[in-house]
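Written out below as structure tokens is the structure these notes cover.
The chain is numbered in sequence order, starting from 1.
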Amino acid sequence: MLHAAVNAELAAYDNPGFNDSWENADRGADVARDLITESQQLMSCVASLIAAAGVVAILHPLLLPLLVLAVLPQGVAGMKAARVHYEAGRSMAAERRTLGHLRWYIADKETADQLRSGTMAEFLLARYRAIGARVDATTDTAIHLGARYAFMGSLAAGLASALMWGALAGLLASGHMTIASAGTAVFALRSVGSSLRGMVGYGTQLFRTGLYFDDWVEFTETAGGYRISRGTKSATSPAVVRADEVTFTYPASDTPALEKVTLEVRRGEVLALVGENGSGKTTLGKILSGLNLADSGSLTWDGTDIRNFDAYSVWQHTAVVPQNFAHWPLTCRENITLGQPRGGDEAVLRAAEQSGAHDVLAELRSGLDTLLAREYFGGVELSGGQWQRLAIARAFHRPAGLLVMDEPTSALDPRAEHRIFTGLRELARDRAVVLVTHRLENVAIADRIVVLDHGRIIQQGTFSELSQQDGLFRELWDLQHDRGLPAPRTEHK
């Protein structure tokens, strides 16, 4: 299931249907172990049934179909009840997922300070109770409906049982069966009945487990309908990455995040993407790196459509510094190499030097071998700025290709930020670099600046050109530098 998840397109995570499929598959994986036990119990009942049914059939052939008729209604009722419970569970997948998220936000260390300082505990607990009440109500409804099915099945089974035992009494009274045979038939019927009821019970459990397991099978085969299915060509480090008339809309959104965007970035070039929040900068970075596929238009690496490449071969030549970077609970070395060491520790230390992370290493008691997870014995926790340096070091350690940096210095102090941008030109010698930032002073190093607004390119040019032109770039530049000086404070008597 995990293998299927990592082989799903990134856009899947923005689709509620994918998350529901994951939730249902996770439940299927959890109950899968029950298939073996339930199958063994069912086979045991079948073996007992065959032995006892042979005895009943010999005593009188009429009794066996009557016995099956006595148990069959309960089997049908059990199947219907199992289906009701299954459908109720599926319908509550999103609600259960929300409860899981709320449990994390209420109890996790990352949000513990904000939960307290914002006095949010009662609000979140009330939300948890409200959602839990809806889950309980749906479950209760399913239980009541299942109980009605069970009652009707038991009623029908009771009537059929009365008919069966009446037939046995009739056979005995009419002389078609001796008292000794009737006694044997009673024991055999009770054995067959017990086996049939066991078959019904275990068969119903197996049926319900199978329904959940089907969700797991479906997810692992299709990744919730989003399995990566691209070409088989092996990508190489691109000299030119070009987007032509690219349009992209996130699932469940009516407005394109990008609309008819055309641009290219070349090896040795630094391209800066700027614009206001929601302008499409981050989305364009994901399109250029092949993380998302355009709805229309094309993205090419050296003239080859990216859809023709094996996805992972593209990402082998891509380095991304996202806004929200992962704090992997691994050693410092593994946090930089991402488990893919190249060039040994020398390459790791070089990437750390370029990103400013060497200062972080100097403070760690075990250097590169330090576990970066305080919740585990011997682990330590880093500050936000220290983690960001490591995230940049990860990208610098990656093979040359396309480097996308999305707000890479948002948590860095001026000295660390200066180090990154003064070294960026050197890194761009064998990479195509895309820089996304709101700090317009930083884009002065870019060869070209692209200004986005509501998913469209509205300006392009160098820093000197755009800073002199009327337009959004000049407006944002002026706003960033319009801080003013406060009036002198006066004493009030």
(request) List the atom of His397, the atom of Arg342, and the distance in Å for their closest heavy-atom pair. (result) NE2-O, 3.4 Å
(message) Is the ring pair Trp216/Phe213 parallel, tilted or perpendicular, if the boundaries are 30 and 60 degrees?
(response) parallel
(request) Let me see the working for Glu245 and Ser296 under side chain to side chain donor-acceptor pair (under 3.5 Å), right down to the final yes or no. (result) CA-CA 7 Å; Glu245 296 288 305; Ser296 63; over 6 Å; no
(message) I'd like to know if Glu9 and Arg230 make a salt bridge, using a cut-off of under 4.0 Å between side-chain N and carboxylate O.
(response) yes
(message) Using a strict threshold of under 4.0 Å (side-chain N to carboxylate O), is an ion pair present between Asp310 and Lys233?
(response) no
(message) Tell me whether Arg27 is salt-bridged to Asp215, with the criterion being a basic N under 4.0 Å from an acidic carboxylate O.
(response) no
(message) Testing the basics here: between Ile392 and Pro408, what is the closest heavy-atom pair and its distance to 0.1 Å?
(response) CD1-O, 3.2 Å
(request) Please report the shortest heavy-atom distance between Ala311 and Ile228, naming the atom on each side. (result) CB-CG2, 3.9 Å
(message) Looking at Arg134 and Asp136, is there a salt bridge between them, counting it only when a charged N and a carboxylate O are closer than 4.0 Å?
(response) no
(message) Nearest 0.5 Å, please: how far is CG in Leu403 from OG in Ser289?
(response) 10.5 Å
(request) Show your working on side chain to side chain donor-acceptor pair (under 3.5 Å) between Gln323 and Ser410 and close with a plain yes or no. (result) CA-CA 8 Å; Gln323 292 185 43; Ser410 59; over 6 Å; no
(message) Strictly below 4.0 Å, N to O, side chains only: are Asp406 and Lys286 in salt-bridge contact?
(response) no
(request) Specify whether His327 and Trp387 have parallel, tilted or perpendicular ring planes, treating 30° as the upper limit for parallel and 60° as the lower limit for perpendicular. (result) parallel
(message) Can you tell me which residue among Thr255, Thr283, Asn15 is in a side-chain hydrogen bond (donor to acceptor under 3.5 Å, both in side chains) with Tyr250?
(response) Thr283
